[in-house]
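For reference, the structure discussed in these notes is given below.
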Amino acid sequence: MEFLLDTIHIADIEKYAKIISLAGVTSNPTIVKKEGKANFFDHMRQIRSIIGRDKSLHVQAVGQTTDVIVKDAFAIVSNIDEDVFVKVPTNEAGLAAIKILKQNDVHVTATAIYSEFQGRLAIEAGSDYLAPYYNRMINMGIDAKQVIKHLAYQIALQHAPTKILAASFHTVGQVNDAFQAGAQAATMGVDILRSALQNPAISNAVLDFTKDWESVYGVGTNIATLADKVLDH
Ligand SMILES: O=C[C@H](O)COP(=O)(O)O
């Protein structure tokens, strides 16, 4: 399983890189907009320095035509690094660009996937990752879990090198569903991680354990201080 963060907010990336086994960072122009107008390439290089070269960094091309998407992609890899996965929308212009980029050994994430058919075309174009938009599909009445399941089956069937990087999550349950359906990776906002880990039920359980411990060994005592006291005697 790969857990990625769908944000370019530096403080959040630094924080969660220490907390979870972070596999990478993804972005799109809407996510970039949230940070305001910064030096785009400096910002992406800073993210790379935080996560390291062994994690995946996904940066989206913004061109509307095949020619401009390809130029965007080369600008991304030249100005950030050649390990970056260039996100390319899975439409006509994008699919043509993916074929060219793969011939030039550029890593590609086929994005804006709302259907099984788009995913199948992106697999055949040689995409390294597919990014199906889970919540957006659900909102359109599409069975997102089924889409991922069928794509995962196809990838396994033909031993394709493509991996499914599910995206667009609004709940923790959607992330679980995507993994259950066969996605190898999922990218999510920090809101999902907060919902999962800052749950009051977890805090209450921890508080109850602390109260029980302190009722026996004294307030402010933990196992480390207890061990120190034993050594002192
Ligand atoms: O890059 C794709 C995003 O993960 C889409 O997420 P969203 O549907 O929450 O905007």
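Positions are given from 1, in the same order as the sequence printed here. When a ligand or atom number is given, it counts from 1 through the structure's own listing order. Side-chain atoms are counted along with the backbone in the values below, which use heavy atoms only and exclude waters and symmetry mates.
Remark: aromatic rings of Phe179 and Phe3 are close, center separation under 6.0 Å.
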**Item:** Step-by-step ring pair (Phe, Tyr, Trp, His ring centres under 6.0 Å) determination, Trp213 to Tyr217
**Value:** CA-CA 6 Å; Trp213 172 270; Tyr217 291 99; 4.3 Å; yes
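Using a 4.0 Å cut-off between charged side-chain N and carboxylate O, Arg120 and Glu124 make no salt bridge.
Side-chain polar atoms of His43 and Glu35 form no donor-acceptor pair below 3.5 angstrom. Side-chain atoms of Asp12 and Thr7 form no donor-acceptor pair, as typed in the model, at a separation below 3.5 Å.
Within 4.0 Å of ligand 1, the residues that place a heavy atom are Asp6, Asn28, Lys87, Tyr133, Arg136, Ala167, Ser168, His170, listed by chain and number.
Taking the six-membered ring where tryptophan is involved, the planes of Tyr129 and Phe85 are perpendicular, since the angle between them exceeds 60° and thus also 30°.
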